[in-house]
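Data block below; observations after.
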Amino acid sequence: MSYAYLFKYIIIGDTGVGKSCLLLQFTDKRFQPVHDLTIGVEFGARMITIDGKQIKLQIWDTAGQEAFRSITRSYYRGAAGALLVYDITRRETFNHLTTWLDDARQHSNSNMVIMLIGNKSDLESRREVKKEEGEAFAREHGLVFMETSAKTAANVEEAFINTAKEIYEKIQEGVFDINNEANGIKIGPQHSPTNPSLPGAGGAGGSQGSSCC
Amino acid sequence: METSDSEYFESADEDFQSDDEDTKTVSSVTKTEEKPNTKCVNDAIKKLEHVQLEDTQEKNSLNNNKKNDKGKTNKEIEDNINSNEITEDLAQIQATKGPGSKLNKVEASHPTSVKKRSKETDVPKKLGAKLSCKDSVAKPPQESPECVKNVDQKQPKESPECVKSADQKQPKSETSNIEENLWDESEIDWGKENEDDLWGNDDDWEPVNEPTVPPQREKIEPAQVKVPSSSSWGSWGTWDVSSIISTATQSVSTLTQGISTVLETGIGVPDPEELAKINQAEKEKLKEIVPDEDTDNSGFGLGNLVMGVSQLTKLVETTGTKVISGGLDTLETIGKKTMEVLQEGDPGLKKKRAFLKIDQDKPVLSQLLREAKEKAEEENKILEEKHFAKKAKNYETLFDDHQGLVHLEALEMLSKQCDIKLQTLLESYTDEALTEMQETMDQVKELCELPDEEEDEHANWTEIKEKLESAVSEISIPISYKKFVETWEETEAWLNNLKLEICDARELHQQAVETLAQLTAIAVEQFHKAGELLLVKEHRSTADEADSLVQLTTTLTSLIGVVAAKFSDKLNTKSSSSKNKEEINSLITNVFFEAANSSSYIQDAFQLLIPVLQVGAV
């Protein structure tokens with residue numbers, strides 16, 4: 001299971017919005033209606049392919065409970081992507097987004113890609129937050145937006161993969177310094193500097209030519 | 001007297017003009033250049049006569065022993081003024097007459113020192129201005145307010161001129177002029193207070209200046225320039241300095257010191273604008289002080305010369321101190337500002353300190369493991385290609401597969417966070433609280449000391465299970481040992497079902513490594529969870545926590561030992577019936593090697609919890 005890159009993700013948002021369910025759907029392709037409260041942080045990992053490259057997503061699923069807030073903050077460091085999740089059936093989870101966003105921006109690197117996710121889109125009848133509101137918030141704060149359902153798996157893959165694509169693009173543009181692990185990106189074993197087909201320092205974009213198996 | 005007044009002003013103008021010459025700027029008063037030269041000489045001769053006359057008068061007045069205080073003082077004042085003016089004039093004659101004279105040279109070669117120098121020469125001059133003014137207008141001391149008024153009236157007359165001419169020059173020199181004007185104003189305050197005595201001091205200005213101020217820097221050079229003039233005084237013979245009381249001499253040295261400090265401070269501050277600001281502040285300070293002392297002045301009889309002198313000394317001292325402290329204040333302000341900028345959004349530099357501390361940290365365990373894993377994976381890849389050997393996963397990869405690596409990383413982050421918290425706390429404490437906290441931290445560390453490894457090879461599973469159970473229950477947080485139990489039971493089942501005859505030694509070895517990696521990953525995960533749960537726990541009992549965790553650690557390492565022993569037993573059995581004993585022996589060695597690694601990872605993970613416990617204890 002070798003990979004070209006490893007991206008560290010964090011999933012944040014109020015308790016009960018379905019962070020752990022999103023992760024479970026993404027990693028195990030299953031849905032668990034009743035989920036234990038997350039303690040501190042739990043982990044998930046999955047391999048995806050972007051541009052013909054194996055990318056390992058290492059996902060840090062944080063606890064949404066207020067009690068763990070100070071602990072989970074210390075895990076933000078070194079994340080390349082963040083999924084900021086709210087529950088479309090609970091307005092207060094949407095109202096708390098600014099706090100979460102401030103927290104995330106303050107404790108992680110500025111290049112971190114943030115994806116805003118309105119979860120539980122399957123519960124249309126109980127909807128409290130309009131899709132447009134989510135879109136407007138995302139536009140205002142420079143985020144990518146998507147409504148998902150961890151239950152039906154709608155948009156779950158896309159949410160994780162689109163975030164990865166954006167990070168990957170940033171690498172190609174040279175925005176992310178892949179040699180700085182504080183950016184949340186680790187280079188896979190076959191991408192070690194001994195491989196002459198790869199750019200040695202800081203550069204991106206040159207990796208297009210390298211073949212992966 | 002009137003002539004001397006106007007004379008003074010002319011010479012003052014000339015002084016400015018000579019400054020202009022040196023700075024190579026267009027002078028607005030160039031026309032006066034020639035006049036003063038001849039005038040100066042003439043006036044100097046006139047004044048010489050005055051001095052001689054008044055000196056004898058003064059002697060007489062001293063002999064009269066304060067019979068006529070007023071007269072005496074006035075005479076003294078006259079004497080002083082004139083002598084001072086002579087000095088000035090002589091200095092100017094020298095300066096203006098000989099274009100290649102020392103003064104000019106000095107100024108030309110040190111354009112930057114011009115401002116400073118001009119200030120120094122200005123100070124006595126302006127004193128002269130005030131006092132001559134006082135002399136001519138307000139002889140009785142009761143009239144001193146009037147005199148001050150006159151000074152005030154005259155002063156502005158002069159100042160705009162200076163400023164005007166400065167305006168025509170360079171914008172730079174404007175500030176310097178402003179400075180000077182500021183000084184003038186503060187001088188006025190001095191004059192207001194103790195004009196009489198000031199003169200008494202100024203009398204000694206030159207002679208004292210020479211020995212007390214060593215000729216070492218440019219700023220002192222004006223004093224050196226004046227030396228010839230003072231020596232020529234000596235040739236006038238009749239002029240008696242001894243008429244001034246010894247206190248005056250003392251006060252003069254203080255005055256000299258004060259003024260040279262003024263200059264030094266001035267030099268220390270690079271920007272004239274800043275200096276101007278400081279002077280402004282100084283002026284304000286002086287203004288604040290003066291009114292208080294003015295009240296004293298009302299009862300100030302001319303007879304109290306000694307008292308007056310000591311007052312002056314005090315004033316000069318305080319002024320000097322103020323100027324010094326003014327310079328120090330500037331430095332302090334700069335320092336404070338720097339700290340402010342550094343501490344912006346980071347009170348106490350906590351983050352920065354923490355940041356620097358983190359960077360000094362030794363290589364991180366999870367990092368090392370990751371690198372080892374990647375290296376091994378690469379090697380494996382090559383091996384796989386070379387031999388058709390079945391995919392053997394190395395320990396680090398397996399450890400990562402069971403999320404040991406990421407839990408370790410998270411635990412490290414948690415530990416670091418606690419460390420930062422502790423450091424911040426330590427920095428906020430002083431003295432007793434600090435020692436107390438350090439003691440507490442040391443105590444926690446002691447509690448967390450692992451006992452020397454007693455090779456508990458005989459420990460069986462039931463014992464271990466019991467120990468795990470008690471350890472976990474003691475800590476009173478919902479961490480579970482079930483995962484250990486499950487893993488162990490699976491392994492045991494696998495071993496029991498193992499058909500040694502069929503099983504390959506390598507397969508056995510792989511299973512051993514997998515079990516070890518898995519158990520270690522679970523251990524790290526549990527330590528990580530324990531850390532998180534302890535941090536959110538409301539009532540901490542550090543001793544119990546430490547005890548429980550120590551027990552957990554030792555039990556887990558002994559579990560690792562048991563696992564390693566079980567697998568090596570099987571391998572040994574296999575080895576006895578196998579032809580390839582060497583290979584199996586190396587596999588056995590490897591199992592023990594990985595077991596030792598596992599134990600040290602578990603112990604390291606436990607060490608990472610110490611700051612978490614310490615945070616709970618302090």
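Because only heavy atoms are used, hydrogens play no part in the values below, and waters and symmetry mates are left out as well, while side chains stay in.
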**Prompt:** Which one of A/Glu166, A/Lys170, A/Gln172 satisfies the side-chain contact (heavy atoms from CB on, under 4.5 Å) criterion with A/Tyr168?
**Reply:** A/Gln172
**Message:** Tell me if a side-chain donor or acceptor on B/Ser541 pairs with a main-chain N or O of B/Asp544 at a distance below 3.5 Å.
**Reply:** no
**Side chain / backbone / both / neither for B/His528 at chain A, heavy atoms under 4.5 Å** = side chain
**Prompt:** If you count heavy-atom pairs under 4.5 Å with chain B, which of A/Lys186, A/Lys8, A/Gln58 comes out on top?
**Reply:** A/Lys186
**Asked** Going by an N to O cut-off under 4.0 Å, is there a salt bridge joining A/Glu66 and A/Arg69?
**Response** yes
**Prompt:** Does a donor on one side chain and an acceptor on the other come within less than 3.5 Å for A/Asp87 and A/Thr93?
**Reply:** no
**Message:** So if I apply the side-chain contact (heavy atoms from CB on, under 4.5 Å) rule between B/Phe399 and each of B/Leu516, B/Val513, B/Val524, B/Asn597, which one comes out positive?
**Reply:** B/Val524
**Test item: A/Thr152 and A/Phe31 side chains (from C-beta on) under 4.5 Å apart, heavy atoms** = no
**Message:** Is a donor from one side chain sitting under 3.5 angstrom from an acceptor on the other, for B/Thr520 and B/Tyr395?
**Reply:** yes
**Asked** Do B/Gln526 and B/Val472 have side-chain heavy atoms sitting under 4.5 Å apart?
**Response** no
**Prompt:** For the residue pair A/Lys19 and A/Ala63, what are the closest heavy atoms and their distance?
**Reply:** CE-C, 4.4 Å
**Request:** Report, by ascending residue number, the residues of residues 37-46 of chain A in heavy-atom contact with chain B at a distance under 4.5 Å; give 'none' if the set is empty.
**Result:** A/Ile39, A/Gly40, A/Val41, A/Glu42, A/Phe43, A/Gly44
**Fill in**
Ordered numerically, the heavy-atom neighbours of chain A under 4.5 Å found in residues 604-618 of chain B are none
**Asked** What is the ring orientation for A/His107 with A/Tyr76, classed by angle as parallel under 30°, tilted 30 to 60°, or perpendicular over 60°?
**Response** perpendicular
